[in-house]
Amino acid sequence: MKLLEGKIALVTGAAMGNGLGIARVFAEKGAVVVMADMNEEVFASAERLKAETGNDRVYPYIMDVSCRRQVREVVADYEKKIGGTDILVNNAGISLLTEIEEMDEELRDKHFDVNVMGPWNCVKAVLPGMMKRKYGRIVTISSVTGPRVCDPANIAYATTKAALLGFSKAIAIDTAPYNITSNAILPGYFLTPMVELTAVETDPDNPQRVLDEIVETVPVGRFGKPEEIGYLAAFLASDEAAYITGSEFTIDGGSTLPETISVGR
């Protein structure tokens with residue numbers, strides 16, 4: 001029997017990047033995967049996953065996590081068709097570099113709407129069913145940026161990703177009596193569209209330089225692969241991790257290990 005056989009999992013931000021990697025691993029491990037994203041690419045991604053994994057139980061939806069009504073409608077629709085949500089992976093997020101002196105309320109609120117209120121809306125939508133059935137696994141994708149480290153011009157992103165750790169722990173303590181777990185994953189550098197956008201924002205004339213310099217600072221010498229987050233998320237979403245809740249898991253190839261990037265070289 002596969003690790004997630006028959007479990008119904010909602011993965012947000014699943015059209016590409018880490019979300020797609022998570023969805024792919026979940027499908028490989030037998031889950032019924034609901035792929036939600038604002039980008040219509042989610043439909044093509046779902047078809048590719050079906051072909052690549054041999055799992056036909058992959059269901060794509062257009063969903064804006066920052067819209068509470070839309071989240072409720074999507075969850076109600078697929079739960080009516082395929083059953084209650086067993087697993088929620090809060091992956092959808094945005095990161096827009098902004099110098100601190102240029103940070104305004106609009107950009108701040110945009111980050112909070114997607115990165116914090118998005119997971120809030122999704123948890124609110126699936127939690128009543130989980131509590132009623134006394135079963136659930138919630139995995140929230142935070143970041144090393146904010147909780148562990150921070151680069152310049154990341155004030156909005158770092159703040160929201162740090163907030164997700166308190167959010168994840170609060171869910172864990174409140175839902176433990178219902179056989180629901182809540183854990184957070186803190187990724188480092190993975191080669192995703194978000195990281196590629198950051199490279200373009202940092203050096204529009206030569207974004208590859210930025211990517212190459214990032215890799216040089218990672219002890220294992222490469223970017224992470226989205227599926228590697230998927231393997232960790234799948235474990236946390238499985239019954240093998242039933243005694244793990246309220247915890248944080250860094251997956252960064254050792255990038256947060258060095259005290260400096262030059263001493264000792």
Side-chain angles (χ1 to χ4, degrees), residues 10-22 36-39 63-71 88-127 138-174 182-202 214 224 226 229 232-233 236 246-252 255-256:
L10 169 60
V11 181
T12 67
M16 61 189 69
N18 291 335
L20 179 56
I22 294 167
D37 203 293
M38 285 184 64
N39 192 326
M63 186 178 83
D64 178 357
V65 296
S66 69
C67 177
R68 182 175 58 181
R69 174 191 55 78
Q70 194 172 122
V71 172
L88 166 64
V89 181
N90 288 311
N91 171 74
I94 62 169
S95 174
L96 301 172
L97 296 183
T98 309
E99 298 298 331
I100 192 167
E101 63 271 20
E102 297 176 3
M103 172 56 62
D104 58 24
E105 289 76 8
E106 182 179 358
L107 195 56
R108 176 202 65 193
D109 292 348
K110 185 177 182 66
H111 280 80
F112 270 86
D113 286 345
V114 177
N115 295 357
V116 178
M117 295 311 299
W120 180 291
N121 291 337
C122 292
V123 170
K124 286 281 287 181
V126 304
L127 195 58
I138 298 171
V139 180
T140 298
I141 308 301
S142 176
S143 175
V144 296
T145 303
R148 299 286 184 271
V149 295
C150 195
D151 285 326
N154 260 306
I155 181 170
Y157 181 76
T159 301
T160 55
K161 288 299 183 176
L164 288 178
L165 297 191
F167 177 68
S168 180
K169 288 180 182 295
I171 295 166
I173 192 68
D174 285 345
S182 172
N183 294 288
I185 294 176
L186 285 64
Y189 283 113
F190 285 71
L191 191 56
T192 64
M194 182 181 292
V195 169
E196 291 172 336
L197 174 61
T198 298
V200 171
E201 290 179 323
T202 303
I214 289 172
I229 294 181
L232 177 55
L236 294 174
S247 296
E248 306 163 7
F249 296 85
T250 298
I251 177 168
D252 68 349
S255 65
T256 57

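- Note: R68 CZ to C122 SG = 13.0 Å, rounded to the nearest 0.5 Å.
- In this view, S255 and D252 satisfy the side-chain hydrogen bond (donor to acceptor under 3.5 Å, both in side chains) rule, not counting sequence neighbours.
- Closest of all the heavy-atom pairs between V11 and G19 is CG1-O, 3.7 Å.
- Remark: I229 CD1 to N18 CG distance equals 3.5 Å, nearest 0.5 Å.
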Would you give me the side-chain donor-acceptor pairs under 3.5 Å for residues 157-165, sequence neighbours excluded?
{"unit_1": "T159", "atom_1": "OG1", "unit_2": "I155", "atom_2": "O", "d": "2.6"}
{"unit_1": "T160", "atom_1": "OG1", "unit_2": "N115", "atom_2": "ND2", "d": "3.1"}
{"unit_1": "T160", "atom_1": "OG1", "unit_2": "A156", "atom_2": "O", "d": "3.2"}
{"unit_1": "T160", "atom_1": "OG1", "unit_2": "Y157", "atom_2": "O", "d": "2.9"}
{"unit_1": "K161", "atom_1": "NZ", "unit_2": "I141", "atom_2": "O", "d": "3.0"}

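- When all heavy atoms are compared, the tightest approach of D37 to A15 is OD2-N, 3.0 Å.
- Considering only residues two or more places apart in sequence or on other chains, E248 meets the salt bridge (charged side-chain N to carboxylate O under 4.0 Å, His left out) condition with R148, K169.
- Residue pairs meeting the side chain to side chain donor-acceptor pair (under 3.5 Å) criterion with at least one member in residues 89-102, sequence neighbours excluded, are N90-T140.
- Residue D64 holds its CG atom at 9.5 Å from CZ of R69, rounded to the nearest 0.5 Å.
- E201 approaches L96 most closely through the heavy-atom pair OE2-CD2, 4.1 Å.
- The side-chain heavy atoms of N183 and F249, taken from C-beta on, include a pair separated by under 4.5 Å.
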Which donor-acceptor pairs under 3.5 Å do side chains of residues 189-198 form with protein atoms, sequence neighbours excluded?
{"unit_1": "Y189", "atom_1": "OH", "unit_2": "D151", "atom_2": "OD2", "d": "2.9"}
{"unit_1": "T192", "atom_1": "OG1", "unit_2": "M194", "atom_2": "N", "d": "3.4"}
{"unit_1": "T192", "atom_1": "OG1", "unit_2": "V195", "atom_2": "N", "d": "3.3"}
{"unit_1": "T198", "atom_1": "OG1", "unit_2": "M194", "atom_2": "O", "d": "3.1"}

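- How far CD of E105 is from CZ of F112: 12.0 Å, rounded to the nearest 0.5 Å.
- L186 places none of its side-chain heavy atoms less than 4.5 Å from the side chain of S143.
- The distance from the CD1 atom of I138 to the CG atom of L236 is 12.5 Å, given to the nearest 0.5 Å.
- S142 pairs by the side-chain hydrogen bond (donor to acceptor under 3.5 Å, both in side chains) definition with nothing, not counting sequence neighbours.
- Under the side chain to side chain contact (heavy atoms under 4.5 Å, CB included) criterion, A233 pairs with I22, F26, V139, I185, sequence neighbours left out.
- Residues passing the side chain to side chain contact (heavy atoms under 4.5 Å, CB included) test with A92 are T12, V65, sequence neighbours excluded.
- Scored by the side chain to side chain contact (heavy atoms under 4.5 Å, CB included) test, V149 finds V144, T256 as partners (sequence neighbours excluded).
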